[in-house]
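Read the structure below first, then the notes.
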Amino acid sequence: MGYAKMLDKMSSAPGFIAALDQSGGSTPGALRLYGVSDTDYQTEEEMFRLMHAMRVRIMTAPAFTGDKVIGAILFERTMDGDVDGQEVPSYLWEKRGVVPFLKVDKGLNAEENGVQTMKPMPDLDALLIRAREKGIFGTKMRSVIAHADKAGIQAVVAQQFEVARQIIGQGLMPIIEPEVSIKSPTKVEAEAILRDVIGEHLDTLQAGETVMLKLTIPTVADFYAPLVAHTSVVRVVALSGGYSTVDACEKLSHNHGMIASFSRGLTEGLRVSMTDAEFNDSLAATIDQIYGASVNKVG
């Protein structure tokens, strides 16, 4: 499906990445925000069908094109689904010009040393091969940092880069996501440790090995500028992390070289009860807002 063209777009095109990757644990909450209550479905299958319908509504909206939305991160079930009879990854790239990514982590371990590492992924290679065959460009995997514990942060980053090398080996682009909780009482200190540890690991990558980074918007503007400039980093993207769309966009606008990769920040105003016109207008306005924060920087 044109990996080189996808890489070129992801490296240099203006825009942002839509995170459409809510999985089993976060799906009920995402549906509630969309106006679908827990009583509207009885089985997990019905829940995922409703979630897929929401995602299809987003992906087929007139404003959801590669002009402003340069990528989309998918849940495995979404990757395996279709839009109007066409597999989702090929639909996104061929019909919308949007580069498809896949969320590959299987959730988080219990907190230890102030962090949550990723659960084991014993079937990762098989999933990566299947994703590549479907036209997926890259992957995303999330860990969480709650406190500025150096040993914990080192463990998170070491695990992320270990898995990233496995992903690179299968011909895909890894998005490394060590999320610093916006509720952390030591967020600034955690970000300082994280930046240094990521930098050390980036320096160990071989020629031709490149990654993307997905990071919480830092408290200090442009704090991740050294990572943005690193030769092994294709792009640094920002998660909304629980901030409202307005707050996330305002904070992002002060960070040069970072673009958005929002989930809740993208879907915040959307409701199942909206008419198609209302839905499309609301999504278009949010896309413009996030695009502006990704492209038009303050200072």
Side-chain angles (χ1 to χ4, degrees), residues 1-3 6-7 9-10 15-31 34 44-45 47-61 63-66 68-107 118 121 123-142 163-164 167 170-177 179 212 214 234-235 237 239-240 259-267 270 283 287 290:
M1 276 196 200
Y3 183 92
M6 292 184 188
L7 178 59
K9 181 157 199 167
M10 202 46 56
F16 69 94
I17 297 173
L20 306 177
D21 59 337
Q22 294 94 346
S23 54
S26 58
T27 301
L31 284 172
Y34 185 47
E44 185 179 82
E45 205 58 42
M47 176 183 76
F48 284 120
R49 181 180 54 78
L50 290 166
M51 194 74 233
H52 187 69
M54 174 189 173
R55 288 169 177 155
V56 169
R57 204 176 182 191
I58 291 170
M59 291 185 285
T60 57
F64 196 88
T65 72
K68 293 179 179 176
V69 184
I70 60 173
I73 303 170
L74 309 174
F75 175 47
E76 185 178 348
R77 279 176 174 258
T78 308
M79 176 186 76
D80 291 334
D82 68 87
V83 181
D84 296 332
Q86 185 172 1
E87 289 188 334
V88 169
S90 63
Y91 173 84
L92 285 171
W93 180 241
E94 295 169 11
K95 297 291 179 67
R96 313 302 275 174
V98 175
V99 177
F101 290 82
L102 174 67
K103 165 187 154 64
V104 295
D105 68 82
K106 300 301 180 184
M118 297 180 290
M121 293 172 264
D123 302 321
L124 180 59
D125 277 326
L127 176 60
L128 296 173
I129 292 167
R130 194 158 62 82
R132 191 179 66 230
E133 291 172 347
K134 284 179 174 284
I136 292 289
F137 169 75
T139 64
K140 190 213 81 163
M141 49 193 174
R142 172 178 173 261
V163 180
I167 291 162
Q170 291 291 355
L172 297 171
M173 174 66 64
I175 298 179
I176 289 169
E177 183 185 9
E179 175 183 349
M212 294 173 61
K214 182 168 179 175
V234 170
R235 209 79 183 249
V237 304
L239 56 101
S240 47
I259 64 171
S261 177
F262 292 174
S263 175
R264 195 166 77 180
L266 174 67
T267 60
L270 303 178
L283 182 60
I287 286 174
I290 298 172

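In what follows, every heavy atom counts, from backbone to side chain, and hydrogens, waters and symmetry copies are set aside. Position 1 is the first residue of the sequence, and the numbers go up from there.
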Say you draw a straight line from [atom1] of [X] to [atom2] of [Y]; how long is it, rounded to the nearest 0.5 Å?
X	Y	atom1	atom2	result
I136	E76	CD1	CD	10.5 Å
S263	L239	OG	CG	10.0 Å
M121	D105	CE	CG	6.5 Å
L50	Y34	CG	OH	9.0 Å
I70	R235	CD1	CZ	4.5 Å
L172	L102	CG	CG	8.5 Å

State, yes or no, whether a side-chain contact exists between [X] and [Y] at a heavy-atom distance under 4.5 Å.
X	Y	result
I17	M10	yes
K134	D80	yes
R96	T65	yes
Q86	E94	yes
F75	R55	yes
V237	K214	yes
L74	L92	yes
Y3	R132	no

Show the nearest heavy-atom pair for residues [X] and [Y], with the distance to one decimal.
X	Y	result
P100	P89	CG-O, 3.9 Å
A18	F64	CB-CE1, 3.8 Å
L283	A61	CD2-CB, 3.6 Å
G265	S240	N-OG, 3.6 Å
A260	I290	CB-CG2, 3.4 Å

Steps toward side chain to side chain contact (heavy atoms under 4.5 Å, CB included) verdict (V98, M59): CA-CA 9 Å; V98 175; M59 291 185 285; over 6 Å; no

Side chain to side chain contact (heavy atoms under 4.5 Å, CB included) evaluation trace for M79 with R130: CA-CA 10 Å; M79 176 186 76; R130 194 158 62 82; 3.6 Å; yes

K106/D123 salt bridge by N-O under 4.0 Å criterion: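 No, this pair does not count.
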
Check ion pair K103-E177 (N to O, under 4.0 angstrom):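 Salt bridge flag = no for E177 with K103.
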
Derivation and outcome, side chain to side chain contact (heavy atoms under 4.5 Å, CB included), residues T139 and V163: CA-CA 11 Å; T139 64; V163 180; over 6 Å; no

Plane angle bin for F137 and F101 - parallel if under 30°, tilted between 30 and 60°, otherwise perpendicular: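 Taking F137 first and then F101, their aromatic rings stand perpendicular (interplane angle over 60°).
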
Intermediate values then yes/no, side chain to side chain contact (heavy atoms under 4.5 Å, CB included), V88 and H52: CA-CA 11 Å; V88 169; H52 187 69; 4.0 Å; yes

